[in-house]
Amino acid sequence: MFEERIKSKNLGNERSIWLRKPESGAEANNLVVFLDAERYLDRMDALPMIDELRGQIANSWFVFVSEESPEARWRECPCYPPFSKFIGEELLPWLAEKFAVPERRVLAGLSYTGLAAAFVAKEYPGVFQKVISQSGSFWWNSCWLVEEFRKLQEKLPVEFFLDVGTREIHENVQHREDVLQVMSQIEGVRRFRDALHALGHSVRYEEFDGDHDYTGFRQTLPSALKWAIPGQLIHEGEGSGRKSASMS
């Protein structure tokens with residue numbers, strides 16, 4: 001894995017990008033972009049997990065996008081149009097120019113960036129064919145994004161993986177002075193799932209036994225990756241399901 005830096009005119013800042021190249025000599029048809037790089041790399045152990053899934057997931061490019069700063073994350077991730085422009089109009093062209101990455105793309109995020117990933121999919125339909133939203137914060141702003149999806153006339157050209165913990169039932173959580181979470185995480189995710197179903201979207205939905213923490217998120221990330229970029233073993237029907245999974 002190696003690090004690059006990218007400046008964003010839309011966001012007015014600069015951040016690190018970590019890239020994991022495909023295995024040498026093997027064809028790679030997928031690009032997986034992880035938001036919240038520090039969380040996926042340092043707290044989710046995403047790279048060792050990817051190594052353990054070798055053969056079960058396709059050989060792919062993996063790109064991890066830094067949050068820039070904690071304060072920037074609070075500002076940029078809850079349905080912030082300049083952040084969508086950064087992903088769709090700056091990051092992806094930059095990756096294509098520098099590394100000729102594939103056009104089959106997956107966007108992944110957790111919590112606030114799980115919300116951001118779904119918003120990017122709405123703002124740039126079809127740019128990402130699959131979205132992984134782990135315990136996405138769809139409660140934000142009275143389920144604003146859920147209502148925006150309900151207003152759509154037809155489904156978007158994208159499939160969704162959604163997960164949430166069965167113990168994410170907390171309401172009226174004061175995250176900071178200006179951020180009050182009235183609705184529980186699980187209720188917000190279920191409402192988004194239902195809105196997608198109503199549009200006819202393909203949704204993989206899982207509930208894990210846990211709360212809003214990295215131990216819980218780690219439980220479902222392997223099945224999310226096997227869903228997003230299935231490898232040869234999955235195509236042959238091996239290891240393709242979880243008892244906790246619900247498909248629709």
Side-chain angles (χ1 to χ4, degrees), residues 33-36 39 73-88 105-176 178-208 210-213 216-217 220-221 224 227-228 244-248:
V33 177
F34 288 91
L35 307 178
D36 264 336
R39 288 165 171 78
R73 187 176 186 270
W74 283 108
R75 179 178 64 255
E76 295 173 356
C77 294
C79 303
Y80 188 56
F83 184 76
S84 295
K85 288 184 178 181
F86 161 64
I87 298 295
R105 306 181 183 117
V106 180
L107 184 61
L110 57 85
S111 193
Y112 245 11
T113 55
L115 173 71
F119 182 65
V120 171
K122 174 185 170 295
E123 295 294 283
Y124 290 86
V127 170
F128 291 93
Q129 291 79 47
K130 293 185 176 182
V131 166
I132 297 171
S133 177
Q134 295 196 266
S135 193
S137 298
F138 296 104
W139 52 264
W140 176 80
N141 196 17
S142 301
C143 283
W144 178 86
L145 186 59
V146 176
E147 295 305 316
E148 290 298 301
F149 269 80
R150 285 175 176 162
K151 294 175 185 177
L152 296 175
Q153 299 300 308
E154 58 184 9
K155 69 177 182 179
L156 304 176
V158 59
E159 300 176 50
F160 289 85
F161 179 101
L162 309 176
D163 70 28
V164 67
T166 56
R167 284 178 260 161
E168 296 194 63
I169 58 175
H170 315 293
E171 300 176 345
N172 297 311
V173 180
Q174 193 77 52
H175 292 283
R176 48 190 268 168
D178 58 339
V179 181
L180 173 65
Q181 176 185 340
V182 176
M183 180 184 299
S184 72
Q185 203 87 8
I186 194 167
E187 178 63 21
V189 174
R190 287 172 174 173
R191 288 193 185 189
F192 186 61
R193 173 202 62 188
D194 293 346
L196 292 174
H197 281 164
L199 282 167
H201 275 280
S202 174
V203 181
R204 172 71 176 258
Y205 176 75
E206 293 191 12
E207 291 184 1
F208 57 83
D211 209 329
H212 195 72
D213 56 41
F217 304 151
T220 50
L221 184 56
W227 165 86
S244 61
S246 174
M247 294 280 292
S248 56

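- In this pair, Trp140 and Trp144 present their aromatic rings perpendicular. The plane angle is above 60°, beyond the 30 to 60° band.
- In this structure, Glu187 pairs ionically with Arg191, as a charged nitrogen and a carboxylate oxygen lie closer than 4.0 Å.
- A distance of 9.0 Å separates CG in Leu221 from CG in Leu110, rounded to the nearest 0.5 Å.
- Residues meeting the ring-ring contact (aromatic ring centres under 6.0 Å, His included) test with His175, sequence neighbours left out: Trp139.
- Under the 3.5 Å distance criterion, the side-chain polar atoms of Asp163 are matched with a main-chain donor or acceptor of Ser135.
- Although no hydrogens or angles enter the test, the distance criterion places no donor-acceptor pair under 3.5 Å between the side chain of Arg204 and the main chain of Ala224.
- The two residues Val189 and Gly136 come nearest to each other via the heavy atoms CG2-O, 3.4 Å.
- Every residue two or more places apart in sequence or in another chain that forms a ring-ring contact (aromatic ring centres under 6.0 Å, His included) with Phe161 is listed here: Trp227.
- Not a single salt bridge (Lys or Arg N to Asp or Glu O under 4.0 Å) links Glu171 to another residue, sequence neighbours left out.
- Remark: Lys85 NZ is loosely packed, at most 12 non-hydrogen atoms of other residues, nucleotides or ligands lying under 6.0 Å away.
- What you find for Leu156 and Ala121 is that their closest heavy atoms are CD1-O, 3.7 Å.
- Residue Phe192 holds its CZ atom at 7.0 Å from OG of Ser133, rounded to the nearest 0.5 Å.
- In summary, the aromatic rings of Phe119 and Phe83 are positioned with their centroids too far apart to meet the 6.0 Å limit.
- Looking at Gln185, its side chain never comes within 3.5 Å of a backbone N or O of Val164 through a donor-acceptor pair.
- Salt bridge status for Arg190 with Glu168: absent, with no side-chain N to carboxylate O gap under 4.0 Å.
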